[in-house]
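Scroll down for the structure; my scribbles are underneath it.
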Amino acid sequence: MKSTTQNIQNIRDIPKAELHMHIEGSLEPELIFTLAMRNNVTLPYASVEALRAAYAFTNLQSFLDIYYAGASVLLKEQDFYDMAMAYLERAHFDNVIHTEMFFDPQTHTERGVAIDVVINGLHRACVDAKQKWGINAVLILCFLRHLSEESAIETLQAALPYRDKFIGVGLDSSEVGHPPEKFARVFAMSKAAGLRLVAHAGEEGPPAYIWQALDVLGVERIDHGVRCLEDEKLVARLAKDRIPLTVCPLSNLKLRVTPDLRQHPLKKMLDAGLCATINSDDPAYFGGYMNTNWEATFAALNLTATDAVTLARNSFEAAFVDEVTRAGYLARLATCYD
Ligand code: ADE
Ligand code: ZN
């Protein structure tokens with residue numbers, strides 16, 4: 001690799017982990033229409049083009065409304081499998097060798113889809129993708145924070161019989177007005193079940209939500225977390241404890257968390273010594289998968305090959321894997337810059 005990564009083709013050479021993507025956010029308009037036809041679901045859009053034209057978001061909520069509508073076509077185990085296989089093939093193409101995929105069971109159980117249909121379909125895709133492409137894929141169950149903690153607890157209890165098929169829990173959906181502390185009990189229960197803990201915080205919400213995610217929920221990673229830069233003490237804490245932040249640049253641009261990618265906080269986060277990573281969040285909605293996020297961010301912020309290695313290394317440091325697997329990933333990374 002050259003000393004500066006102006007040549008965007010190099011991004012593909014770098015093995016990397018993706019730690020923040022919502023599998024329902026990988027549903028491309030074409031697949032939404034295919035599944036709608038297969039399942040006799042009527043969509044409020046006349047065509048793929050009309051649906052894509054609706055992807056003009058002004059904030060997180062304006063996106064979530066369309067994202068939940070898109071997920072309404074998922075009914076059968078095969079639908080969840082097909083969605084996940086499409087993403088995993090795409091991730092493999094981007095040299096993502098490890099991915100931790102979020103899924104939102106309540107989006108489906110609220111429509112009468114049984115949780116085993118969701119988990120079994122996604123998990124079968126993880127197994128088949130490993131066999132087909134060698135990619136390591138695991139699942140993290142997210143609670144929807146606009147719903148009650150009781151609903152989250154019911155969801156956890158319904159999922160626990162499939163405990164071997166997901167590795168952790170997270171917290172997503174509408175952030176502002178739904179602070180992490182609302183979910184203290186369900187995160188304690190999840191921890192007791194041996195699950196890994198993450199939460200979205202500091203995407204649109206204030207730094208106080210990041211503090212709460214750390215100190216009330218006890219999370220091991222923060223999803224987004226870009227607003228941490230508003231609080232010096234918080235930055236010091238995140239740096240000292242090496243708490244990873246799973247940053248999603250194109251998502252931040254499309255949801256207007258940042259007005260322009262050239263003003264994106266990622267570089268400042270790296271300069272502050274934070275364990276920041278690049279991820280795609282909802283790639284079908286925000287204009288790109290993993291490498292498109294890397295390429296756009298490198299171009300906008302003039303990042304270097306050294307930054308590329310740091311970001312890939314951070315992604316492996318932050319991955320929920322055993323130390324032997326982590327050492328294997330880091331060794332694979334080392335072969336591309338030695
Ligand atoms: N669900 C899917 N994408 C999300 C995001 N960026 N923030 C919160 N919840 C989400
Ligand atoms: Zn997200």
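Order of appearance sets the numbers: ligands from 1, and atoms from 1 within every ligand. For this chain, numbers begin at 1 and follow the sequence in order.
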Please lay out, stage by stage, how Asp104 and Phe143 fare under the test side chain to side chain contact (heavy atoms under 4.5 Å, CB included).
CA-CA 7 Å; Asp104 289 340; Phe143 304 118; over 6 Å; no
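A salt bridge links Arg227 to Glu230: one of the charged nitrogens lies within less than 4.0 Å of a carboxylate oxygen. Salt bridge absent: Lys165 and Asp116 never bring a charged side-chain N and a carboxylate O closer than 4.0 Å. Taking the charged nitrogens against the carboxylate oxygens, Arg90 and Glu28 have no contact shorter than 4.0 Å, which rules out a salt bridge. Salt-bridge formation is detected for the pair Asp79/Arg38: a Lys NZ or Arg NE/NH1/NH2 atom is positioned less than 4.0 Å from an Asp or Glu carboxylate oxygen.
Scanning the protein heavy atoms around atom 9 (N) of ligand 1, the nearest turns out to be Ser173 N, 2.8 Å. Scanning all protein heavy atoms for the shortest distance to atom 3 (N) of ligand 1 gives Asp282 OD2, 2.6 Å. Nearest non-hydrogen protein atom to atom 4 (C) of ligand 1 is His22 NE2, 3.6 Å.
Cation-pi geometry between Arg12 and Phe93 is met: under 6.0 angstrom from the ring centre, within 45 degrees of the axis. Figure legend: Arg326 and Phe316 shown without cation-pi pairing, the cationic atom not lying both under 6.0 angstrom from the six-membered ring centre and within 45 degrees of its axis.
The distance from ligand 1 to the heavy atoms of Asp281 drops below 4.0 Å at these ligand atoms: 3 (N), 5 (C), 6 (N). Under a 4.0 Å criterion applied to the non-hydrogen atoms of Phe63, ligand 1 contributes the atoms 2 (C), 3 (N). Under a 4.0 Å criterion applied to the non-hydrogen atoms of Glu203, ligand 1 contributes the atoms 5 (C), 6 (N), 7 (N), 8 (C). The distance from ligand 1 to the heavy atoms of Leu64 drops below 4.0 Å at these ligand atoms: 1 (N), 10 (C).
The shortest N or O to N or O distance between Asp104 and ligand 1 is not under 3.5 Å.
Metal site remark for the Zn ion (ligand 2): His224 contributes no N, O or S atom at a distance under 2.8 Å. Residue contacts to the Zn ion (ligand 2): Cys248 brings no N, O or S atom closer than 2.8 Å.
The proximity of Phe102 to ligand 1, defined as any non-hydrogen pair under 4.0 Å, does not occur for either the backbone or the side chain. Counting heavy atoms closer than 4.0 Å to ligand 1, residue His224 contributes side-chain atoms (C-beta onward) but none from N, CA, C or O.
Within Asp281, the N/O/S atom positioned nearest the Zn ion (ligand 2) carries the name OD1.
Taking the six-membered ring where tryptophan is involved, the planes of His200 and His22 are tilted, since the angle between them lies from 30° to 60°.
Residues Leu141 and Phe80 share a hydrophobic cluster, clusters being chains of Ile/Leu/Val/Met/Phe/Trp/Tyr side chains in contact below 4.5 Å.
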